[in-house]
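Presented below is the structure to which this report refers.
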Amino acid sequence: MFSIKNIKFSQPILCLLPSLVLIPVSINIVKDIHLDGLSIIYNFIAASIQPSTDYNVISNSLNQIQITIAVALFSWSISIFLGFFLSLASSYNIYKLLGIPKLIAVFIRRTLALLRSIHELIWGIIFLQIFGLAPWIAILSIIIPYSSLLARIFSEQIDSIDLSKIIAIQKTGAKNIQVLITFLIPKIMPLISSYGFYRLECAIRGATLLGVFGLGGIGTELQLATSSLNFNEMWTSIWLLFIVIFILEQIVHILQQPSLIKNKTGQFSIGIILLLLCTCGLSLVWLKYIGIDFSFPETIHLVQIPSIVNILLALKNLSWIKLFSDTLLITIIASLLATGIPPLLLLISHNKIVEIFLSVIWTLCRLFPPPLTSLLILLFSKPSLYVAALALGIQNIGVLGRLLKESIGKQNNKLYNVLKANGSNPKISWLYGKFAPQSNTYLIYSIYRADIILRETVVVGVVGGVGLGWQLQESLSSFAWEEVFLITLAFITITLMGEYIGEILQKQIQHTNKDK
Amino acid sequence: MLKLKNFLFFIICVILLPIYEKSNSKEVFIISAIPDQYPEKLNRLYTILSDELSESLNIDVEYKPVINYQAAVSAFRTGSLDLVWFGGLTGVQARLQKPGAIVLAQRDIDRAFHSVFIANTKAKIKPIRDIKDLKVLKGKRFTFGSESSTSGRLMPQYFLNKANVKLTDFKGSRPGFSGSHDATIALVQSGSYEAGVLNEQVWIDSINSGRANKKDIFVIWRTPAYSDYHWLAQPSLDQKFGKGFTNRLQKSIIGLKKTNPRQKKILELFSAKSFVKAHAYQYEDIEFIGRKLGKIR
Amino acid sequence: MTAILELTNIYLKDNEVERLKDINITIKYGEKIALLGKSGSGKTTLLKIANGSLIPNHGTVLYKGTNINKLIQKQRTQIGTFWQDLRLIDELTVGQNINTGALGRHGFVWAIANLIASIERKKCEECLKVVELPKSLLNKNVNKLSFGQKARVSIARLLRQKSTLLLADEPLSCLDPKQSKRLLKKLLQLHEIDFNYIPSTCIISLHQPKYIKYFSRVIGIKDGIKIFDKSADDIDFNLINKLYV
């Protein structure tokens, strides 16, 4: 007998199912589409193959992209070093090794979680208020959340080291510093070369985004070109960014060759450390050369601290339920889009040419800062929650699409070939042979991604006109500090909650996997 | 192994070098403006103005572009900008946050400034005579300029309120915010929005330059007059650049004449015949309306 | 001769279960001690207490008169431990793992150098030779080895430490009978080899009573209580059988 209980979704289906959200999203976006807007879409797409080749535009974009890359490289390399030291300071194993009470680690961990939960954009806004216009506030806004995120990832890795092994070496009379080196370097370095390098692309995106909000660089250029509807110039910047990211991906790809690490952990680590140090130094020289001023401001301008009465008043005045529910809805829709669409597109077609085409699309998706995407969507649709969700979704489709492509590329083709040899239809063999083995990791990563999307809603609300992000922009433009304070607090709360829920979900998926 | 140590030390030195190299710079006079128009135009305009002021005041002048209105206000508050071309609302916001800031000058047209409501010809909206008829905009796709713009948002919203049109009455139950006056024209002309509102001076410039095409887009209503843009200076300029500097600055701005070719170019780009003295009291209405609409707390 | 290791009134309770009760052992220089007892009798616990990685509820452990957990770094290098769970570092090569045994005798830079290059190959090869592993394994990643090979690498690391006191927890459990006999004889310095890294004093826990003839002294433990502590010559099989009942 058929009953609801008999339906049990397997993980590959769980990955594909979210793409159903496309139906309500497209209905909502399409129903507001107006024909006049279509000509703008056409112009936008047509401009992609004819970016402006005007000498001034290109030379200007080249100048601006240098700022973005130098800022990204510098803040990225500093974040890795800082993240590493913070991970030492927050990993339980280190405290046990040195015999210091664990409580300090707990305290540092909580603080880092707090720093992490504030989006780089909000950091930028806060620093702008305190220090005024200075290029290094962009750098600082990237370094703070990035290094605390890296600290978390690294410290998890350090805590995964079997403490008994550490004791074994310690009891041979080795000094603590030697023990640390012997254990940490082989554990952390591969992680730096994989996850750490992945963060570099994120840093470039972060630096671009901060540019959209007025801290200079190619993001500023993009924002200006888009808001004056100059698509040809916009595409010049986008393609330049594309080339940069592409070159970077190739370098990272070479650095991640397993043969590089194999049995040469030490040489590899020294290489990575030197590379990081050089990146740090050279980018600093580069920033100096471009003319970025690093002098620290002589005065700090404290914002008038809002009184408790004002805060309470703002607490009453803002419609929190709507703000929260909008923000959550954006997160959910964007996460579902980002999870469902990459496997769906690959399922529909996965021959070589389509795959190359798709990976170009993934990269482009990642390159467009969500505020710009939503601005573009707004050209032919009306502002709504779906626009914001779609804009965020598109960027994260790029992130998850790339991840899926890479993890499928790494596994062997045995199962796929067996299925194909059995005469299964190529789509089915792809689903079972290639996607199914990856679906568990993919799902876990998607949940982790949902966390990040929640943080990023601050960025799209501004244009889409919904959620906490929008309210933040509105309060900022009225210089209502009590509201800004409360909204930042709200963001911290929901991201910390999201992280917590994400952890539970991840455990659940890992758990069901073990049952099998 | 010693070699390795030396090498690491060397690398660290290379890294720290640029930090210790202290740049000893002269005081630079920094001017800026709210980004309410095409950035190319602002860039052109303020580069010429920087040259002019640099010559007449005999100091280094630098134009620092900012990308949004709040950044301009905040940067003024923190003292990063010495002289800023503000809109009515942003000027008031900046003055409230930086007590003592001096309203220096405004254009001749700023004493009685207007906004225009525009519509796409396909939107089937007819020009109106009376403010109450603004209700024809109900149910239309409508866009403001920037959230903090006086002529692109604050005053229009005030007039819409007077005509009993709420922000939730537009299609999609909220208006758009195009970000700048030029973007408003482009978006309404393309049909992305059926109607919008912007600063009259930008509108006239666009019609004259052909950027706005009268076949696609037309004015439905011109608002009553109010005071708008003005130059706002830091209160501490005299200490920084010498006694009487603020006065000299005001004089050289007001003294811009059409007879001098470079000054003529500046005035043209500002769409002004001349600059005149401005006073804080001219913006009391703006402050009142800003408070009423919650843009000033 | 003076005592090298003294365990006095050792008592350990863990999760409401008494693991060890009133153990008193004094070990003199040059003694070779076999530790017998069935699984779960407390051998591993006793050895962990002896090397200071486990702290008993009552009682003291003295190494050359100093509390085991207050030793200076140099003294620590004199105590070598073979851990039943091997505790090798998976990410490193065989050679690097063996060298970690000698970390205590070297400095910070040496620790880094060990990760970069295969240093002091000669010494590692000598250690490998004692445990009968080919030197071709030196640059292999340790997690590519079989469990038996790993156990021998772990012994090689121990030898590299050049300790005077050896505390070994079932070092022979994964070796074939012939191999284990040869290795045991080497560890007890009964087998003449050209290698001077072997500790002079040792406690080795075993499951093979037939080997006790190689030792100078035998200690039997049952349920955390010391049953006997005699010279190897005085042991008869009835006594040993008591342990396994």
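Side chains included, hydrogens not; waters and symmetry mates left out as well; all remaining heavy atoms used. Reminder, nothing fancy here: chain letters follow the sequence lines and each chain counts from 1.
- Remark: side-chain polar atoms of A:Lys165 are not paired, donor with acceptor, to backbone N or O of C:Arg87 under 3.5 angstrom.
- Across all non-hydrogen atoms, the minimal contact from A:Ser164 to C:Asp85 is OG-OD2, 4.3 Å.
- Counting non-hydrogen atoms of other residues, nucleotides and ligands closer than 6.0 Å to NZ of C:Lys135 gives a total of 12 or fewer.
- Within 6.0 Å of CG in A:Leu103 there are 12 or fewer heavy atoms belonging to other residues, nucleotides or ligands.
- Atom OG1 in A:Thr172 sits 9.5 Å away from atom CZ in C:Arg105 (nearest 0.5 Å).
- Nearest heavy-atom pair, C:Arg157 versus A:Ala168, reported as atom, atom and distance to 0.1 Å: NH2-CB, 4.3 Å.
- Heavy-atom distances place the side chain of C:Gln161, and not its backbone, under 4.5 Å from chain A.
- From A:Lys171, atom NZ reaches atom CG of C:Leu71 across 8.5 Å, with rounding to the nearest 0.5 Å.
- Heavy atoms of other residues, nucleotides or ligands lying less than 6.0 angstrom from NZ of A:Lys187 number more than 12.
- Ranked by heavy-atom pairs under 4.5 Å with chain A, the list C:Ala102, C:Ser53, C:Ser163 is led by C:Ser53.
- Residue A:Pro186 comes nearest to C:Glu91 through the heavy atom pair CB-CB, 3.5 Å, listed as atom of the first residue, atom of the second, then distance.
- Put simply, of C:Asn114, C:Ile79, C:Leu88, C:Thr81, the one with the most heavy-atom pairs under 4.5 Å next to chain A is C:Leu88.
- In this structure, CG in C:Leu115 is found 7.5 Å from CD1 in A:Ile181, a value given to the nearest 0.5 Å.
- In this structure, A:Phe107 places its CZ atom where only 12 or fewer heavy-atom neighbours from other residues, nucleotides or ligands lie under 6.0 Å away.
- Within the 3.5 Å criterion, the main-chain N or O of C:Leu103 finds a donor-acceptor partner in the side chain of A:Gln178.
- In this structure, the portion of A:Ile177 lying under 4.5 Å from any heavy atom of chain C is its side chain and not its backbone.
- Between chain A and the options C:Gly80, C:Gly101, C:Gly107, C:Gly95, the largest number of non-hydrogen pairs under 4.5 Å is found for C:Gly107.
- Looking at C:Asn69, the atoms closer than 4.5 Å to chain A (heavy atoms on both sides) all sit in the side chain, from C-beta outward.
- The most heavy-atom pairs under 4.5 Å with chain A, out of C:Ala111, C:Gly52, C:Gly104, come from C:Gly104.
- Pairing each heavy atom of C:His106 with each of A:Lys175, the nearest pair is O-NZ, 3.0 Å.
- Counting non-hydrogen atoms of other residues, nucleotides and ligands closer than 6.0 Å to NE2 of C:His207 gives a total above 12.
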